[in-house]
Amino acid sequence: MTTQSSVEIGTEWGIVSARQAGRELSKGLGFSSVDQARITTAISELARNIYLYTKNGVIGLEVVNDGHRQGIIITARDQGPGIENLRDVMVDGYSTSGGLGAGLPGVKRLMDEFDIQSNPGEGTLITTTKWLR
Amino acid sequence: MTTQSSVEIGTEWGIVSARQAGRELSKGLGFSSVDQARITTAISELARNIYLYTKNGVIGLEVVNDGHRQGIIITARDQGPGIENLRDVMVDGYSTSGGLGAGLPGVKRLMDEFDIQSNPGEGTLITTTKWLR
Amino acid sequence: MNLDLQTKALSVGTRLYVGGEIDAYTAPQLKEALMPLVEKQEAYVIVDLEEVNYIDSTGLGIFVGALKAADQHNSTMRLVSLNDRVKRLFSITGLDEVIDIAEKREETNQ
Amino acid sequence: MTTYEGLRDSYKQILYNFLHHKNEQSLYEAQQFSKRVIEEQISPEEIVSIHLEVIEDLYPNLSSETRKSFEILLEVMIGYGMAYREHQILKNKQLELESEIDVAANMQHTFLPKEIPQLADADIGVISVPASKMSGDYYNIVKDGNEYIAIALADIIGKGVPAALCMSMIKYAMDSLPEQLLQPGQLLASLNRTVEQNIAANMFVTMMYASYDPATHIFSYSGAGHEPGFYYDASEDRFNELYAKGLALGISRDTQYREYQQSLSVGDFVVLFSDGVTECRNGDRFLERGELAELIRKYQDKTAQEIVDNVYRELENWQDFQLHDDFTLLLLRREV
Amino acid sequence: MTTYEGLRDSYKQILYNFLHHKNEQSLYEAQQFSKRVIEEQISPEEIVSIHLEVIEDLYPNLSSETRKSFEILLEVMIGYGMAYREHQILKNKQLELESEIDVAANMQHTFLPKEIPQLADADIGVISVPASKMSGDYYNIVKDGNEYIAIALADIIGKGVPAALCMSMIKYAMDSLPEQLLQPGQLLASLNRTVEQNIAANMFVTMMYASYDPATHIFSYSGAGHEPGFYYDASEDRFNELYAKGLALGISRDTQYREYQQSLSVGDFVVLFSDGVTECRNGDRFLERGELAELIRKYQDKTAQEIVDNVYRELENWQDFQLHDDFTLLLLRREV
Ligand SMILES: [Mn+2]
Ligand SMILES: [Mn+2]
Ligand SMILES: [Mn+2]
Ligand SMILES: [Mn+2]
């Protein structure tokens with residue numbers, strides 16, 4: 001991993017800054033405009049989750065190279081309430097009922113890889129990757 | 001009902017003519033460009049069903065006025081094999097398996113009113129209406 | 001479609017007004033409103049069905065469940081102002097023999 | 001050439017033709033293209049992106065505003081793209097679930113009698129159609145060694161999977177009753193004890209149980225909260241209500257059931273049904289019991305099976321092929 | 001102002017801001033707009049139409065090619081619009097079906113014992129988790145007047161709704177067996193006759209039935225094609241296979257079942273489970289029986305219930321919260 005940046009999400013401006021950083025990074029890496037928009041939307045959703053449901057959180061952006069290809073890793077880390085039942089949140093279909101974790105299946109579909117770790121009371125760490133095709 | 005026109009569907013050209021007639025009629029009635037495209041798509045689907053699965057069929061177009069508003073009625077009549085189980089064909093979800101009746105739920109959703117009469121061996125008559133909003 | 005549900009405290013007990021159609025879709029709403037009322041010890045609950053024009057068997061099931069809960073908690077549940085169609089259902093299923101269903105005039109002084 | 005490039009070239013061709021000879025043919029091709037990209041599971045935001053690429057290609061001097069405006073359109077389409085992919089996943093899930101329920105529905109078929117017993121002096125017909133795939137109606141018709149006929153018709157509250165699960169209880173509970181036929185009242189009382197013990201608090205079952213003795217032509221029946229049937233009196237050409245008062249099964253442990261009797265003369269018949277028959281509705285209008293009787297009368301010259309089949313077909317049509325509840329209709333007529 | 005006009009104005013505002021101060025803020029607003037229109041169930045072709053209206057409005061001298069090109073884009077989007085509306089309908093259908101299955105799953109819970117009998121000299125723990133909402137695993141633990149314990153553990157082939165329907169048969173068939181406890185072999189033979197009569201041709205049930213006599217500390221068991229369990233020998237600190245040979249239920253009418261016995265010393269325990277436990281998989285790798293034994297050993301200082309709960313939690317995690325089959329794990333340990 002090379003380039004690293006991180007954006008604190010405390011206000012809606014934080015969301016916009018994180019989007020901006022993600023868009024520039026993905027553009028620089030050569031992602032198509034559709035993929036740029038997808039990556040930005042994923043960042044936006046993750047940042048908004050932090051903004052709406054936890055006090056404190058950070059969006060991290062990294063460039064990754066697995067030897068064959070380049071990609072971008074987005075991390076979303078918060079010290080919020082955590083997610084009680086991961087199995088429920090990640091279920092596809094109709095997870096738009098709000099609350100922390102809303103929209104995560106959508107983010108998963110926008111990206112190539114997705115991992116979530118969460119313990120009630122200890123916050124949540126989401127790591128998601130998109131590879132350059 | 002006033003304006004009437006009908007187009008024989010024997011070839012793919014027939015489909016295009018029926019579309020053209022429907023587009024002009026709906027444009028003349030003042031339908032928005034989105035609704036024009038919807039009406040045309042509905043005609044296209046009905047005509048294609050006739051073209052692919054029956055020997056012989058006609059698309060009819062009529063202007064209708066129920067006293068309050070104007071609308072367009074599309075009829076699709078054929079002497080084809082008819083549809084065995086209407087309940088199955090009209091079920092929403094995944095009726096794209098082909099065969100006569102494929103796509104009818106889609107047509108129903110593009111239009112405002114939809115009626116189908118079919119008896120195995122005696123052909124099918126579909127009548128569907130879109131009202132000007 | 002939603003049920004119209006309103007509760008009103010009486011000098012003794014509670015009156016639950018129900019309006020709409022009680023079917024498989026709305027029955028859970030009725031259950032949510034009714035069960036806590038009858039699950040109190042020795043409660044007195046009047047369910048006013050005047051504005052209910054249709055009830056299906058799932059809806060009847062809610063009243064059966066409430067009846068069982070009321071018996072367990074020594075509570076009383078009484079249904080009032082049933083229209084004829086609704087009353088017929090309670091009668092056909094035999095529920096009128098185990099659930100307290102008041103005639104309209106009887107209950108006007110409640 | 002990748003799929004994506006192939007699609008872009010097709011799109012470019014269609015757009016080029018359209019712009020140069022603006023005609024319906026190109027729009028028709030666009031519609032066919034739409035079907036193709038949906039089959040290939042291309043997301044709608046890809047289409048917007050292809051569109052922009054193609055017009056940039058066709059018109060290199062595209063105004064910068066137009067070009068830029070597509071960024072906004074693209075951003076909005078991403079949301080639809082997510083919904084679209086959710087749709088594909090949901091569709092597969094739904095297909096899986098449906099095929100699971102198909103298997104269960106097939107199992108359920110084996111709960112119902114494979115054939116109706118033939119009688120020397122009476123004709124029986126029955127039809128049972130679930131509102132969705134699984135049924136909460138149950139019926140059984142058996143003949144014992146003495147030509148006695150026993151008829152059971154039950155309706156589990158609600159419909160679909162939960163009712164079906166409960167219907168299997170009725171079936172097994174019936175199977176585990178003693179071999180010799182019980183009197184209707186006894187049978188319901190015994191069944192009620194099993195049901196009451198096993199059923200959820202807000203569920204119950206309505207049931208009619210009858211036995212017909214071909215020697216005496218007496219039809220004995222008891223009911224547990226079930227929709228009244230009809231007794232057709234041939235001599236008077238009249239439909240009478242066939243009602244057996246009794247509490248539905250599963251509500252109170254020690255319920256007793258009264259037994260009723262109806263003697264059948266030649267040509268008389270009894271009709272039993274679930275409330276799915278009387279709750280047939282067309283919009284807000286329910287079928288009236290009188291209308292049902294008239295419908296039966298209309299076909300009364302036919303065999304018992306033909307009568308119930310025809311009544312079902314008429315009612316299915318009347319309510320636009322949308323059953324709101326499981327539908328079971330049974331008719332027994334004394335012939336000689 | 002209609003919703004449509006309101007949306008068009010919002011879109012125009014966003015687009016205008018973006019074109020004049022091209023920035024991320026506007027794109028963020030576009031994304032929020034996307035969520036809003038999806039909530040309001042606006043079809044994607046409407047968005048394309050709004051987009052065109054708005055740019056025509058902002059740039060009256062839009063080139064005619066650009067304007068015309070939108071007709072093609074619109075035509076293609078109509079297909080996505082149909083898919084989108086299908087999605088909304090499917091979503092509602094799915095919700096309905098899911099809530100139906102929730103009700104049925106709740107009913108199914110009542111089929112399993114509400115609590116595990118307490119014993120003076122032995123400790124029992126059990127966990128049963130369905131792979132989806134409905135289970136095809138069944139278990140029961142009962143104590144008769146003589147402190148005899150009877151344990152049943154059955155696995156219906158397959159999972160989901162069909163297996164659940166069949167599971168209810170096992171439950172009712174068990175309920176209708178005579179009150180006094182049967183010998184394991186007898187019981188399976190009797191159950192097999194019922195199952196064979198009622199089950200579809202391509203289904204069967206595997207089962208382990210055991211009784212434990214606290215007076216003699218003898219654990220007697222018979223099996224019907226069921227996954228072998230474990231007998232843990234405390235004196236040797238060793239896990240042995242607990243296997244009972246026998247044909248699965250529902251295959252052949254007159255199957256006989258051999259009875260096996262295992263005497264338990266203090267600290268010895270037996271573990272019974274369904275194949276959902278051993279068929280835990282992570283990617284292509286299946287759990288080995290030895291690993292399961294090690295996992296049990298890891299928690300063996302705890303109570304029987306804690307052991308099975310911990311083993312489940314580890315295995316759930318190991319396979320990323322995705323159960324591939326219904327999971328039932330039961331442990332009985334002689335304490336004194
Ligand atoms: Mn029912
Ligand atoms: Mn019914
Ligand atoms: Mn299984
Ligand atoms: Mn299994």
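Quick note on labels: first sequence line is chain A, next is B, and so on, each numbered from 1. Since this is a predicted model, take the numbers as computed values, not measurements.
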| message | Counting only non-hydrogen atoms closer than 4.5 Å, can you tell me which residues of residues 29-39 of chain D sit against chain B? | response | D/Gln31, D/Gln32, D/Lys35
| said: Around atom CZ of B/Arg77, are there more than 12 heavy atoms from other residues, nucleotides or ligands closer than 6.0 Å? | reply: no
| Counting only heavy atoms not in B/Phe114, do more than 12 sit closer than 6.0 Å to its CZ atom? | yes
| query | Which heavy atom of D/Glu24 sits nearest a heavy atom of B/Thr40, and at what distance? | reply | OE2-CG2, 3.4 Å
| request: Heavy-atom distances under 4.5 Å only: say whether B/Arg19 touches chain D with side chain, backbone, both or neither. | output: both
| Pairwise side-chain contact, D/Tyr28 with B/Gln20, heavy-atom cut-off 4.5 Å (strictly under) | no
